[in-house]
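Heads up: the structure comes next, in structure tokens.
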Amino acid sequence: MPELPEVETVRTALEPVVTGQQIRSVRLTRGDLRWPLPERLDEILTGQIFGMPWRRGKYILLPLSGQQTLLIHLGMSGAIRIYDNCPDSFGKHDHFSVELANNNWFVFSDPRRFGHLDLLQSGNEAAHPLLAAMGVEPLSNAFSRTYLDEVLAGRKQPIKTALLDQRLIAGLGNIYVSEALFKAGISPRRQAGNVVGKRAQRLAPAIRNVLNAAIEQGGTSLRDHVQPGGEIGYFVQSLQVYGRGGEPCNSCSAPIKVIRQGGRSGFYCPNCQH
DNA sequence: CTCCTGACCTGAGTGC
DNA sequence: TGCACTCAGGTCAGGA
């Protein structure tokens with residue numbers, strides 16, 4: 001489910017709820033999600049106080065008073081919901097729930113269990129195996145035409161596949177890659193190393209604009225994504241190509257094409273994107 | 001290194 | 001209704 005804008009939406013919603021709050025109790029229903037969870041995670045967390053949540057790529061990081069940081073990845077189907085009181089009941093896939101001293105709860109549910117929870121030493125985030133190789137944040141100043149030129153040079157894979165590689169750019173997923181390539185007028189099938197000149201010039205701003213617009217709208221709700229308060233994300237109304245196979249391009253009316261790359265569906269306008 | 005495939009899971013939708 | 005099959009917002013491990 002969640003790409004950078006959805007994760008950022010979750011982080012933003014968590015911030016005022018958890019920051020400075022002590023953990024009163026933790027409800028953990030299983031010892032593993034994608035991987036085994038830290039031993040005694042519930043006991044370790046109980047009593048600690050949350051700092052301000054931040055984000056790296058598609059990961060949410062929640063600093064704790066005890067010098068550790070809780071790392072959360074939502075996988076494909078993960079969602080976090082915030083409640084102002086103890087939920088009446090817990091769903092089958094509500095694997096991890098936290099009760100705060102202000103009586104609020106947040107509940108992490110993840111039907112497919114591709115998500116993950118881990119603990120790391122605060123300050124050593126960059127050394128964590130899941131974060132160590134991660135590329136630049138596309139909304140940071142380090143992300144530029146120059147950076148893209150550097151990491152794309154010589155790559156033979158399709159540009160779409162390269163943009164999905166978290167080691168190059170952190171946080172892009174299937175929706176926003178398709179949307180950004182449409183905005184930049186670049187075919188997803190073009191070799192990454194052949195994205196040069198005007199195309200290269202358009203790509204970084206296109207990525208940035210698409211992400212910022214999606215964050216503003218609370219992300220894209222297709223199936224699973226809801227904001228922690230229960231609101232859906234409205235960027236779904238702004239999608240130009242993703243999920244619109246066969247429908248007319250909003251710009252030229254040609255039918256949107258569906259392709260398969262790296263085992264994943266992609267969408268593009270064969271007339272507007274080259 | 002780079003690139004590609006399969007694997008991990010559940011649930012929703014489709015077609016017979 | 002039921003069953004078989006496909007697909008889904010991610011990404012890691014393993015092999016060529």
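Per chain, numbering begins at 1; letters A, B, ... match sequence-line order.
Note on His73(A): a side-chain N or O is less than 4.0 Å away from OP1 or OP2 of dT11(C). The shortest distance between the side-chain N/O atoms of Lys92(A) and the OP1/OP2 oxygens of dG11(B) is below 4.0 Å. For dC3(B), one of the phosphate oxygens OP1 or OP2 lies less than 4.0 angstrom from a side-chain nitrogen or oxygen of Arg155(A). Checking the phosphate oxygens (OP1, OP2) of dG11(B), a side-chain nitrogen or oxygen of His93(A) falls inside 4.0 Å. A close approach under 4.0 Å does not occur between any side-chain nitrogen or oxygen of Arg112(A) and OP1 or OP2 of dA7(B). Proximity of Thr161(A) to the phosphate of dC4(B): no side-chain N or O atom is located under 4.0 Å from OP1 or OP2. Between Arg264(A) and the phosphate of dA8(C), there is no side-chain N or O to OP1/OP2 separation shorter than 4.0 Å.
The CG-C1' distance, from Leu239(A) to dA8(C), rounds to 15 Å in whole Å. Atom NZ in Lys58(A) sits about 4 Å away from atom P in dT11(C), given to the nearest Å. Distance, Leu130(A) CG to dA13(C) P: 8 Å, rounded to whole Å. Going from atom CG of Asp110(A) over to atom P of dC9(B) covers 12 Å, rounded to whole Å. Following rounding to the nearest Å, Leu33(A) (CG) and dA7(B) (C1') show an atom-to-atom distance of 17 Å. Rounded to whole Å, atom C1' of dT10(B) lies 8 Å from atom CZ of Phe114(A). Here dC9(B) presents its C1' atom at 10 Å from NE2 of His95(A), a figure rounded to the nearest Å. Put simply, CG on Asp165(A) is 10 Å from C1' on dT2(B), counting in whole angstrom units.
Between Tyr176(A) and Phe235(A), the ring planes lie tilted relative to each other; the angle falls in the 30° to 60° range. Between Tyr242(A) and Phe267(A), the angle of the ring planes goes over 60°, which puts this pair in the perpendicular group of the 30/60° scheme.
For the C1' atoms, the distance from dT11(C) to dA12(B) is 23 Å, rounded to whole Å.
Relative to the side chain of Pro158(A), the nucleotides dC4(B), dC3(B), dC12(C) differ in distance, and dC4(B) lies closest. Nearest to the side chain of Tyr242(A), among dG10(C), dA8(C), dG11(B), sits dA8(C). Taking the side chain of Gln157(A) as heavy atoms from C-beta on, and the options dG10(C), dC3(B), dG11(B), the nearest nucleotide is dC3(B). Side-chain proximity of Arg260(A) to dC9(B), dG11(B), dA8(C): nearest is dA8(C).
Aromatic pair Trp105(A)/Phe90(A): ring centres closer than 6.0 Å.
With both pairing distances under 3.5 Å, dG15(C) is matched to dC3(B) as a Watson-Crick or G-U wobble pair.
Contacts of Tyr176(A) with the nucleic acid, taken as non-hydrogen atoms under 4.0 Å apart, are absent. Across all strands, Arg167(A) comes closer than 4.0 Å to no nucleic acid atom at all (heavy-atom distances).
Across Ile186(A) and Arg190(A), no two heavy atoms sit closer than the pair CG2-CD, 4.1 Å.
No more than 12 heavy-atom neighbours from other residues, nucleotides or ligands sit within 6.0 angstrom of CZ on Arg189(A).
Under 3.5 Å, the side chain of Arg113(A) and the base of dC9(B) form no donor-acceptor pair of N or O atoms.
The backbone N or O of Ile175(A) lies less than 3.5 Å from a partner atom in the side chain of Glu3(A), making a donor-acceptor pair.
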